[in-house]
Amino acid sequence: ALVAPDLIPFAFGESWISAVPVVQAFCVLGLLTAVGILQSSLIRSQGHANLWFYYILGKQAVTVLYIFLFAGWGVVALTNSLVILNLTLWLPTLYMVVRMLDISAWTYLRSFALPVFATIAMGICGWLVQLELANAEPLLRLATTIGAAALSYGAIIVVLGRGQIKTLTGFVRRRR
């Protein structure tokens with residue numbers, strides 16, 4: 001989302017610049033999808049495939065309704081409304097997961113604290129690089145932003161997530 005203003009014209013040409021806000025909205029949907037896949041697997045693995053089926057069926061029906069409602073407003077309004085819809089419809093899955101895991105919503109959401117913090121820091125770092133290189137060539141700004149963002153995200157995960165990394169590497173070693 002951060003590099004879309006430089007990436008889209010570089011990859012597809014200047015005529016695609018109007019696609020930038022759509023790509024940025026889909027980036028947010030991608031984050032939700034990554035979490036949703038894990039939640040879906042948990043819900044189905046606990047014998048609630050039927051519940052998940054009806055949830056998805058309802059969600060798709062509402063999505064079709066949203067497409068009809070917002071299509072006349074343009075593609076940017078449509079994609080932004082779909083992001084808001086998916087954020088809203090994520091709440092029932094949050095409820096299902098915390099009930100199945102028998103934990104509080106706060107405990108569950110706290111498990112996302114480190115990646116969310118690292119993502120925010122990465123975004124700030126990338127934004128600062130883009131400000132500093134505002135007059136630079138787009139390709140240089142794009143490469144530098146990606147590099148700085150990746151380094152800042154990785155550094156935060158390594159420094160603040162040592163315990164989680166140690167647990168994961170231990171798990172992987174035991175599986176071999």
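Just so it is clear, the model here is predicted, and its values are computed rather than measured.
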Report task. May I ask you to check whether over 12 heavy atoms, not counting those of D102, lie within 6.0 Å of atom CG? Result -> no

Query raised in the report: Would a 4.5 Å heavy-atom cut-off, applied to side chains only, mark L89 and Y55 as touching?
Result: yes

Query raised in the report: Say you draw a straight line from OG of S45 to CH2 of W52; how long is it, rounded to the nearest 0.5 Å?
Result: 11.5 Å

Query raised in the report: Do L85 and V62 pass the side-chain contact (heavy atoms from CB on, under 4.5 Å) test, and can you show the C-alpha distance, the side-chain angles, and the key distance before you say yes or no?
Result: CA-CA 9 Å; L85 171 68; V62 173; 3.4 Å; yes

Query - Close side-chain approach of L139 to D6, heavy-atom, < 4.5 Å - result: no

Query - CZ/F112: more than 12 non-hydrogen atoms of other groups inside 6.0 Å - result: yes

**Report entry** Other residues, nucleotides, ligands: >12 heavy atoms within 6.0 Å of Y66 OH
**Finding:** yes

Query raised in the report: Roughly how far apart are L51 CG and M96 CE, rounded to 0.5 Å?
Result: 5.0 Å

Report summary line: P115 and I157 have their tightest heavy-atom pair at CA-CD1, 4.4 Å

Query - side-chain contact (heavy atoms from CB on, under 4.5 Å) assessment of Q24 paired with V20 - result: CA-CA 6 Å; Q24 291 171 323; V20 167; 3.8 Å; yes

Query raised in the report: Mind checking whether W73 and F70 have parallel, tilted or perpendicular rings, split at 30° and 60°?
Result: perpendicular

Query - Flag side-chain contact, heavy atom, 4.5 Å: K59 against P92 - result: no

Query raised in the report: Should we say atom CD of E137 is surrounded by more than 12 heavy atoms from elsewhere, each under 6.0 Å from it?
Result: no

Requested in this report: Identify the heavy atoms of I67 and L78 that sit nearest to each other, and give their distance.
Outcome: CA-CD1, 3.7 Å

Query raised in the report: Can you tell if the side chain of T33 reaches within under 4.5 Å of the side chain of N86, non-hydrogen atoms only?
Result: no

**Report entry** Side-chain heavy atoms of F171 within contact of T167, under 4.5 Å
**Finding:** no

Query raised in the report: Is any side-chain heavy atom of C125 closer than 4.5 Å to a side-chain heavy atom of Y153?
Result: no

Query raised in the report: Do Y108 and Q39 have a side chain donor and acceptor closer than 3.5 Å?
Result: yes

Requested in this report: First locate atom CZ of F26, then atom OG1 of T79, and finally report the distance between them rounded to the nearest 0.5 Å.
Outcome: 6.0 Å

Requested in this report: Tell me whether I56 is reachable from L94 by hopping between hydrophobic residues (I, L, V, M, F, W, Y) whose side-chain heavy atoms are closer than 4.5 Å.
Outcome: yes

Query raised in the report: Honestly curious: do Y95 and V97 fall in one hydrophobic cluster under the side-chain, below-4.5 Å linking rule?
Result: no

Query - Shortest non-hydrogen contact from A118 toward I156 - result: CB-CG2, 3.7 Å

Query raised in the report: With hydrophobic residues grouped by side-chain heavy-atom distances under 4.5 Å, do L151 and I120 end up in a single group?
Result: no

Requested in this report: State the CZ-OG1 distance between R141 and T144, to the nearest 0.5 angstrom.
Outcome: 9.5 Å

**Report entry** Heavy-atom closest contact (I8 atom, W16 atom, distance)
**Finding:** CG2-O, 3.3 Å

Requested in this report: Would you check if L101 and L42 make a side-chain contact, meaning some heavy-atom pair closer than 4.5 Å?
Outcome: yes

Query raised in the report: So with a 6.0 Å cut-off around CD of E132, is the heavy-atom count from everything else above 12?
Result: no

Query raised in the report: What is the distance from atom OG1 of T119 to atom CE of M122, rounded to the nearest 0.5 Å?
Result: 5.0 Å

Query raised in the report: How many angstroms lie between atom CG of N50 and atom CZ of R44, to the nearest 0.5 angstrom?
Result: 12.5 Å

Query - Least distance between heavy atoms, V83 atom then A25 atom - result: CG2-O, 3.3 Å

Query raised in the report: With distance as the sole test, does Q130 use its side chain to make a donor-acceptor pair with the main-chain N or O of L2 at under 3.5 Å?
Result: yes

Query raised in the report: Cluster question for you: counting only ILVMFWY and a side-chain heavy-atom cut-off of under 4.5 Å, with indirect links fine, are F10 and L140 together?
Result: no

Query - Linked, directly or transitively: I43 and I37 (ILVMFWY side chains, under 4.5 Å) - result: no

Query - For P9 against I17, the heavy-atom pair lying closest together - result: CG-CD1, 3.3 Å

